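Worksheet for the structure shown next.
Lettering of chains follows the sequences in order, A, B, ..., and the numbering in each one begins at 1. Since the structure is predicted, the reported quantities are computational estimates derived from the model, not experimental observations.
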Amino acid sequence: MDQFGQNSFNTDGYGNPANEPGNTAGYGNPVSEPGNAAGYGNPVSEPGNMAGYGNPAMGQGNPAGYGNPVPGQNPQDRPFMSADLNRGPRLPVFNEPMQRQGEVALLECRNLTKRYMPNRPAALEDINLYIEPGHIVGLLGPNGSGKTTLIKLANGLLQPTSGEILVYGKKPGPASKSIISYLPERTYVDAQNTVAKLVDFFADMYQDFDENRAMQMLAALGINPTERLKTLSKGTREKVQLILVMSRDAGLYILDEPIAGVDPAARDYIIRTMLNNYNPHASILISTHLISDIENILDDAVFIRYGHIFGQCSAERIHKDLNMSIDAYFREVFAC
Amino acid sequence: MLGKCLKHEWVETWFIGLACCASVILVSVLIMFILPTFPKLADSDVGVYVLPILILTLTIIGIAAVAGALFIGKYFFFYRYYKNLFTDQGYLMHTLPVETQDLVHSKLIVALIWQYLLAISYGVAIFFGSIGVYGLFNDDFTDYYDFLNGLREVFGFVFDVGKPEIALFALCMLLYPIMDMLFCFLAVAIGQLGKKNRFVLAICALVGISFVQRFAMNIVSAVSAVLNIFFGINFRMDTVEDVTAQYDIMLVLFLIIEVVAIVGAYLWNMHLVKNKLNLE
């Protein structure tokens, strides 16, 4: 058990716990290990890695794939690998929870469990998660892994079955909702309203809403505030929603698939918008499948699968230690 | 934050409420002005052909206005409660920095304001309509005064039963829309628990709740008659006193049912919205 009262990784019971002998780092073979020169971790641009991300398991000098245990080593001593889940090639699964810096975390889950039906598998089980201020965190996982459930719990849209979720030390309620700026994955504003009316609504309901910033962003994207939302395209509606959400000086931005429905050109603008408009003391939790589009802005990544925190680490850890993108890492770790 | 919720709820609904009230009053005014022309029209050559069509048209318009306003006035708020809190819009409404009570209260208060205004509109419409009907044959409204006197003769006993009964009756009438609207909200909150066809489920729940409520009211009517016997009052209700006694018991029981229903529907609804929210 680690300092947070949970296994540092492997919360779903697979593989070695982090504190077992031989796995103090909690991740697999470093890139520089002998026999892995051409294995995973090659930058995309490197010669001999035409596949676009990471070499497949037949990488030269590493025929068994990335992260093979050293021959002769006790299998129990080797690091936890994604292959321990019998899925995909072998890659280290990092599990380095964010270190608590202040008295109160921005978002904190303590043994959080959510079960929709009593006799069905839990959507989330025994989740322990900390998000400190000043981080942009990617909440990543395959479909049905529990990302949206976690986000709903943070927003008070669902009640935990057990455990608790805290925002600045408070349970979800009006106080926490005034801190969180939430963008769901669907159109959540009345399409009959004009954009200007929505801006007025947000300005009235949220004290931290900056109306001028919203109008500037609308102008930058060429969105007419007098138009009704129903007359706008789906992508433009999503832009409007994102503008409304990012025009707040919130403590925590929770964005569920913020760029899924917009064109690639607009994605760049949206990502710049996220970076330029959020309070440096705030954090952004982004759930998305379009990892490659956002990974450059991520400070940390939390991987979730089958309702468990499957791994978490800084983005730098994946980039530097594996020399691969988070997108490539995700594709390999969660390969079907 | 209740004030802000109320403001936005009002802004989003006033046009429907106003349209319902205005349509009822406008139709009654129309009737008031058109009906007195009927005698002259009947004397004309074309009257034989035009008058039946005109009467039929006015009747249809009148019924459509009255029934439409009643239906829309209730089901608009029923549907709005569903759409605003339990569909995609719920993702916004339930993440506003307000208490769940504020959301529900604002919707309930605005819906009730329009229910009461609609009831007043019906009263105004009856007044205008009756002027039209009884101003048909002469201009000095002699017939209208006769109509009012007739009303007093028929319903005069209401004014004779005493102030407590009138107060009880008024209280029952005031509480009924609250109960009715809370039943709508509860039905929606029950319907949203389903996986699919939530609005259909909500309508089914409303039909079920309404059935139980009406069944309870009918039982109370029967029980009050039985209780009358135990109070030693003539069951045949030959006198005003007999009627009053029966009336008292019935009103008190209705009132108890309404209060219990209001409290129960409110608490159950709040529990479902707070703890069993099931957004798609």
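Nearest heavy-atom pair, A:Y188 versus B:D88, reported as atom, atom and distance to 0.1 Å: CB-O, 3.3 Å. Closest heavy-atom contact between A:D204 and B:K4: O-NZ, 2.8 Å.
When heavy atoms are compared at a cutoff of 4.5 Å, A:S178 approaches chain B by way of both its backbone and its side chain. Both the backbone and the side chain of A:L157 come within less than 4.5 Å of a heavy atom in chain B. The part of A:F202 that comes within reach of chain B is its side chain, from C-beta onward, which places non-hydrogen atoms under 4.5 angstrom from that chain.
Going from atom NZ of B:K195 over to atom OH of A:Y116 covers 11.5 Å, rounded to the nearest 0.5 Å. Atom CE of A:M205 is separated from atom NZ of B:K7 by 9.0 Å, given to the nearest 0.5 angstrom. Separation of atoms CG (A:D190) and NZ (B:K83) is listed at 5.0 Å; rounding is to 0.5 Å.
A donor-acceptor pair is defined here as one N or O able to donate and one able to accept, closer than 3.5 Å; such a pair exists between the side chain of A:K177 and the backbone of B:H94.
Aromatic ring orientation, A:Y182 versus B:Y91: tilted (interplanar angle from 30° to 60°).
Within the 4.5 Å cutoff, side-chain heavy atoms of A:V189 are placed close to those of B:L92. Counting only heavy atoms from C-beta outward, the side chains of A:Q159 and B:K274 never approach each other to under 4.5 Å. Side-chain atoms of B:L277 and A:K152, non-hydrogen and from C-beta on, never get closer than 4.5 Å to each other.
Within 6.0 Å of the CZ atom in B:F215, the count of heavy atoms belonging to other residues, nucleotides or ligands does not exceed 12. Atom CH2 of B:W10 is surrounded by more than 12 heavy atoms from other residues, nucleotides or ligands within 6.0 Å. Residue-environment remark: OH (B:Y116) exceeds the threshold of 12 foreign heavy atoms within 6.0 Å. Counting heavy atoms of neighbouring residues, nucleotides and ligands inside a 6.0 Å radius, atom OH of B:Y79 does not exceed 12 of them.
Comparing A:Q241, A:Q192, A:K197 by how many heavy-atom pairs each has under 4.5 Å with chain B, the most go to A:K197.
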